[in-house]
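Here the structure is a predicted model, which is why all the values come from computation and not from measurement. Atoms considered below: every heavy atom in the structure, side chains included; atoms not considered: hydrogens, waters and symmetry mates. Whatever order the structure lists ligands and atoms in, that order sets their numbers, starting from 1.
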Amino acid sequence: MRISYSSLDTYQTCPLKYKFKNIDKIAEPKSKEAVFGTLVHSVMKFIHSSNLVPPTLEQSLDYFSRGWNSEVFPDELEERAAFTQGVQMIQQYYEKTDIPAARIIDLESRFSIEIGDDERGRHTVSGIIDRIDKTLDGYEIIDYKTTRKMPSQDKVDNDIQLSIYLRAFLDRYPKEAENLENITVSLYYLKHGVKMSATRTREQLENLENTFLGVIQAIEKAEFPPVLSPLCDWCGYQKICPLWKHKFAETRKVETEEVTQAIEDFMGLRRQMAEEKQQIAKLQALILEYMEQEGVERVFGEAGIIGKSLRTTYKYDPEKLRAILDPLDKWEAVLKVDGIALKNILATLPPEAKKSVQEAKVLDRQSTSLSVKKTGASAEYSDEITL
Ligand code: SF4
């Protein structure tokens, strides 16, 4: 399979989005964030492309203004805010960077690398590295980011995009594999003027290949479930996505007052149930306290009698239990996989074992239920009302 890094990344974010884009070939309307990011990236290339004298700040701002596309913004206010932000990013870049001193060896560097083997299948991954610099004792591979949210250092230490860029770099300069500790991979957050850097080990690069092969296998198995995440806000396929399309009245096939009312009533009743549950817990605490004070086990009201009952749960010592049941050949019969315990240890397993555990998963049973999420203020994926 030939696949670009960005397609692999799309699949990891949301397999259904990958399908819309790469298999169904449905063109995605460019989001304002994507258009803004592309322009800022081209300004960065403009700043560093000159072999002689780099452009002045004014020239770079002029380049930015000329590339500006106002059509992607819904209103003037949003457009003005984005434009100001772009100007500030460029100004800050000039303030913080010694531009003539940068020792850049390549910009927007295209790569195409082979991964896999005869057994696991051979695949080609392609992509573009924003920038490669020569440093005193090695190299620095830089990817520009225009997002506001910055990741934790741990995420940068394990970022797959940076790892694949490094792998591509080593394909081009294989001798540098001996100098791995002096090759830095960096994410440059232009909005904050902050660069977050890390290095990679050989082991990390080997694991990267397994991760990618796993993603490619899933794509080949045609597994394309939608995955709800904050990135849905930037997805151009919301109007055809089963998780979102109902939000857009024009995409609804059947619309009746009865269903509209049922949706409102359902949410209202769920809210009411949650409130009642809280109220019951408060009343119960009050009555139990009263029973304690009175020294009684039951209290009498006009509508009935409330009795206190003690619920006790026990657990068994597994070693002692095994010693009893094993000789009777009954031990295996009481063992069953504890899904929660397994989930808890999954993150601590080595990648291969983790993958094998995932592959050992078989469908047990399925049922459909409804959950309620608050809408508005981008809370549609997070604030589930727990009942
Ligand atoms: S809206 Fe979200 S869930 Fe739907 S395709 Fe896009 S990213 Fe996936």
Side-chain angles (χ1 to χ4, degrees), residues 1 3-38 41 69 71-75 78 82 125-128 143 145-151 155 158-162 164 187 211-212 214-255 259-260 263 266-267 343 358 361 363 366-386:
M1 177 186 266
I3 188 163
S4 68
Y5 168 74
S6 68
S7 300
L8 272 170
D9 187 46
T10 302
Y11 185 86
Q12 286 190 301
T13 309
C14 174
L16 184 60
K17 182 173 178 177
Y18 171 88
K19 179 175 177 288
F20 286 150
K21 196 172 191 160
N22 300 81
I23 296 177
D24 303 338
K25 308 271 183 216
I26 302 170
E28 185 184 15
K30 281 238 172 200
S31 69
K32 52 186 189 298
E33 290 80 9
V35 172
F36 178 82
T38 307
H41 273 71
N69 176 359
E71 280 166 24
V72 290
F73 294 93
D75 54 63
E78 222 179 285
V125 180
S126 59
I128 301 173
D143 189 60
K145 297 284 178 203
T146 51
T147 50
R148 182 184 309 147
K149 199 167 177 235
M150 284 177 44
K155 281 217 161 160
N158 294 290
D159 184 83
I160 290 182
Q161 184 182 15
L162 290 175
I164 195 86
L187 295 176
T211 307
F212 273 17
V215 178
I216 289 171
Q217 272 169 12
I219 295 173
E220 288 178 335
K221 278 194 222 158
E223 293 166 355
F224 303 114
V227 174
L228 197 64
S229 79
L231 295 173
C232 290
D233 280 348
W234 288 275
C235 177
Y237 298 113
Q238 282 196 355
K239 284 194 176 171
I240 52 172
C241 170
L243 298 184
W244 290 91
K245 67 178 177 185
H246 188 263
K247 184 177 171 186
F248 307 93
E250 71 273 18
T251 64
R252 295 175 195 165
K253 281 190 274 186
V254 188
E255 190 158 28
V259 174
T260 310
I263 294 169
F266 183 83
M267 290 201 279
K343 201 172 162 196
Q358 295 289 10
K361 189 166 71 176
L363 183 66
Q366 252 180 342
S367 62
T368 305
S369 64
L370 300 177
S371 61
V372 178
K373 309 209 185 233
K374 290 180 205 163
T375 53
S378 292
E380 296 179 39
Y381 357 78
S382 52
D383 295 335
E384 185 158 358
I385 297 172
T386 314

Visitor: As a quick check of understanding, evaluate side chain to side chain contact (heavy atoms under 4.5 Å, CB included) for E220 and I216, giving each step before the final call.
Guide: CA-CA 6 Å; E220 288 178 335; I216 289 171; 4.0 Å; yes

Visitor: Cation over ring, K32 on F73, under 6.0 Å and within 45°?
Guide: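 So K32 doesn't make the cation-pi contact.
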
Visitor: So which protein heavy atom does atom 3 (S) of ligand 1 come closest to, and at what separation?
Guide: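 The closest heavy atom on the protein side is V227 O, 3.4 Å.
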
Visitor: Protein N, O or S atoms at less than 2.8 Å from atom 6 (Fe) of ligand 1, how many?
Guide: 1

Visitor: Can you name the ring-ring contact (aromatic ring centres under 6.0 Å, His included) partners of F36, sequence neighbours left out?
Guide: none

Visitor: Between NZ of K19 and CD1 of I219, what distance do you get to the nearest 0.5 Å?
Guide: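 Spacing of NZ (K19) from CD1 (I219) equals 13.0 Å.
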
Visitor: For the residue pair F20 and Y237, does the interplanar ring angle fall in the parallel (under 30°), tilted (30 to 60°) or perpendicular (over 60°) class?
Guide: tilted

Visitor: Looking only at the side chains, is there a donor atom on one of S7 and S4 sitting less than 3.5 Å from an acceptor on the other?
Guide: yes

